[in-house]
2 protein chains.
Amino acid sequence: MSSTPSKTIADNSDKLVTTLERPRERIVKSAIELFRQHGIKGVGVDAIAEAAGSNKMTLYRHFGCKDDLVCECLKQVSSEKERIWVDLEDAYPGDPARQLRGWVDEAAQRIFNDLRGCDLVNAAVELKEAGHPAQRVIMDAKKAHVQHLVELCRRAGVQQYEQLAQALVLLVEGARVCGQSIGIEGPQQRLKQTSEALIDAFSKP
Amino acid sequence: MSSTPSKTIADNSDKLVTTLERPRERIVKSAIELFRQHGIKGVGVDAIAEAAGSNKMTLYRHFGCKDDLVCECLKQVSSEKERIWVDLEDAYPGDPARQLRGWVDEAAQRIFNDLRGCDLVNAAVELKEAGHPAQRVIMDAKKAHVQHLVELCRRAGVQQYEQLAQALVLLVEGARVCGQSIGIEGPQQRLKQTSEALIDAFSKP
DNA sequence: AATGTGTGTTACCGGTCAGTAACGTCCCAA
DNA sequence: TTGGGACGTTACTGACCGGTAACACACATT
């Protein structure tokens with residue numbers, strides 16, 4: 001396309017991703033980003049391949065069909081989300097009560113920095129055709145995340161740990177979705193305040 | 001298509017809607033139902049017109065483009081949702097505290113009877129292209145609904161009525177979206193319990 | 001030098017979709 | 001009876017999309 005000063009490293013100045021990674025990783029990364037911007041049904045495989053500095057054939061050599069690519073993206077998003085548990089342990093080692101507060105902080109932070117909501121929930125909304133392979137990926141990931149939070153609440157010494165964890169999940173998911181539909185000035189402004197009051201109420205007795 | 005026993009009333013045994021209404025109303029009703037089932041981008045105008053027992057030309061005579069039809073559907077969905085306020089006043093006249101509990105009950109009821117989530121939120125997730133006309137419809141409707149709940153909390157004698165209303169919105173929206181992504185056995189099971197505890201906590205002092 | 005793997009390029013297929021044109025039909029009102 | 005407005009039918013366009021075929025190229029290993 002343009003001049004190629006280096007021989008083996010292709011020109012990628014106009015692409016979203018670095019060519020240092022292999023096409024497969026670049027395709028997944030580009031797909032995640034484009035799905036975030038335009039929704040899954042709003043992006044074609046051609047656009048994904050081009051954004052990745054690759055092409056449709058290579059995409060289809062790695063992923064049998066678009067749905068497989070979607071599943072792979074969701075799995076990657078999910079595993080990135082799961083990193084928060086080790087990050088919290090690193091930030092507040094051996095202090096699960098503080099980690100719980102940290103989880104809320106992190107969620108609130110993300111919600112205010114990005115009003116596009118949760119990738120998994122957005123995919124679930126879009127892919128509601130019965131039996132879509134992504135649905136299992138989404139459900140498994142969400143259940144695992146909830147279970148991790150339940151466990152954290154238990155380790156934090158909360159007696160009704162399951163109730164608290166599920167209530168916090170409702171607040172956070174609700175805040176994300178309010179940011180998406182109402183915009184920046186919505187009820188999600190109260191997320192931190194309400195969550196911390198809830199944690200206090202469950203931690204006291 | 002089949003035999004026509006009546007002359008002026010067309011055969012509609014295989015259609016979703018009665019022919020007693022005019023095509024415009026039938027199209028909107030069918031579109032709302034199909035959008036609920038398959039998402040907005042997952043339904044073509046041909047399918048909508050056919051489900052309404054009409055045709056694409058008539059659809060385009062009433063709605064200039066698909067986006068206009070989408071906006072009309074969302075407005076109708078929104079105005080149907082707003083009916084809850086008069087229903088609550090009818091059910092518990094002059095008792096805003098009881099109406100507030102009724103609002104939670106109604107929300108929980110709907111969430112467990114239908115896991116497809118809120119039409120407005122689902123549309124916001126799908127239509128994230130900048131400047132889509134539906135976005136304003138969604139935002140206005142959601143803001144109005146929140147404002148009504150804030151007012152109800154105030155009339156119920158809650159001192160921090162805005163905080164309570166916004167917290168309840170987070171819980172309800174979160175429950176809806178959890179039902180959609182996780183399925184029937186999710187944190188939304190705790191919606192009523194958590195909401196009522198929250199109402200109690202805000203009502204006591 | 002030969003080979004095989006991964007990748008890029010071009011072209012194509014069948015299907016679907018939003019939107020339009022032209023014409024025909026029915027019914028109601030004047 | 002005669003319009004006229006609302007509605008139905010068919011056919012079409014241009015664009016896009018998911019997916020495939022065939023061929024060419026680069027590079028690393030042997």
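To find a chain, count down the sequence lines: A is the first, B the second, and so on, and within it residues start at 1.
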- Query: What is the distance from NZ of K41(B) to P of dC16(D), rounded to the nearest Å?
  - Reply: 15 Å
- Query: Among the nucleotides dG19(C), dG19(D), dA22(D), which one has an atom lying closest to any side-chain atom of Y60(A)?
  - Reply: dG19(D)
- Between dA6(D) atom P and E25(B) atom CD, what is the distance in whole Å? 14 Å
- Query: Which whole-number value in Å describes the distance from N55(B) CG to dC23(C) P?
  - Reply: 18 Å
- Message: For a quick check, tell me whether the side chain of K66(A) and the base of dG19(D) share a donor-acceptor pair closer than 3.5 Å.
- Response: no
- Query: Quick one: R22(A) CZ to dT5(C) C1', roughly how many Å, whole number?
  - Reply: 10 Å
- Nearest-Å distance for atom pair CD1/C1', residues I27(A) and dG19(D): 15 Å
- Whole angstrom is fine here: how far is it from CG in D68(A) over to C1' in dG18(D)? 13 Å
- Query: Just how far, in rounded Å, is P of dA11(C) from CG of D46(A)?
  - Reply: 14 Å
- Item | Closest to side chain of M57(B), choosing from dT10(D), dA22(D), dC7(D) | dT10(D)
Got a list of side-chain donor-acceptor pairs under 3.5 Å for residues 87-94 of chain B, not counting sequence neighbours?
| from | atom 1 | to | atom 2 | distance (Å) |
| --- | --- | --- | --- | --- |
| E89(B) | OE1 | Q99(B) | NE2 | 2.8 |
| E89(B) | OE2 | G94(B) | N | 3.0 |

- Item | Base dG5(D) to side chain R61(B), donor-acceptor N/O within 3.5 Å cut-off | no
- Item | Side chain of K56(A) (C-beta onward), nearest among dT20(D), dA18(C), dC7(D) | dT20(D)
- Message: Strictly below 4.0 Å, N to O, side chains only: are K75(B) and E72(B) in salt-bridge contact?
- Response: no
- Query: Which nucleotide in the set dC7(D), dG8(C), dG8(D) lies at the smallest distance from any side-chain heavy atom of T58(A)?
  - Reply: dG8(C)
- Is the shortest side-chain N to carboxylate O distance from E126(A) to K41(B) below 4.0 Å? no
- Task: Please determine if a side-chain N or O atom of R24(B) lies less than 4.0 Å away from the OP1 or OP2 oxygen of dC7(D).
- Result: no
- Message: Which label fits W85(A) and W103(A): parallel for a plane angle under 30°, tilted from 30 to 60°, or perpendicular past 60°?
- Response: parallel
- Can you check whether H62(B) has a side-chain N or O nearer than 4.0 Å to OP1 or OP2 of dC7(D)? yes
- Among side-chain atoms of E33(B) and Q37(B), is any donor-acceptor pair under 3.5 angstrom? yes
- Query: Given atom CG of L69(A) and atom P of dC17(D), what is their separation to the nearest angstrom?
  - Reply: 15 Å
- Does a side-chain N or O from S54(B) land closer than 4.0 Å to OP1 or OP2 of dG8(D), or not? yes
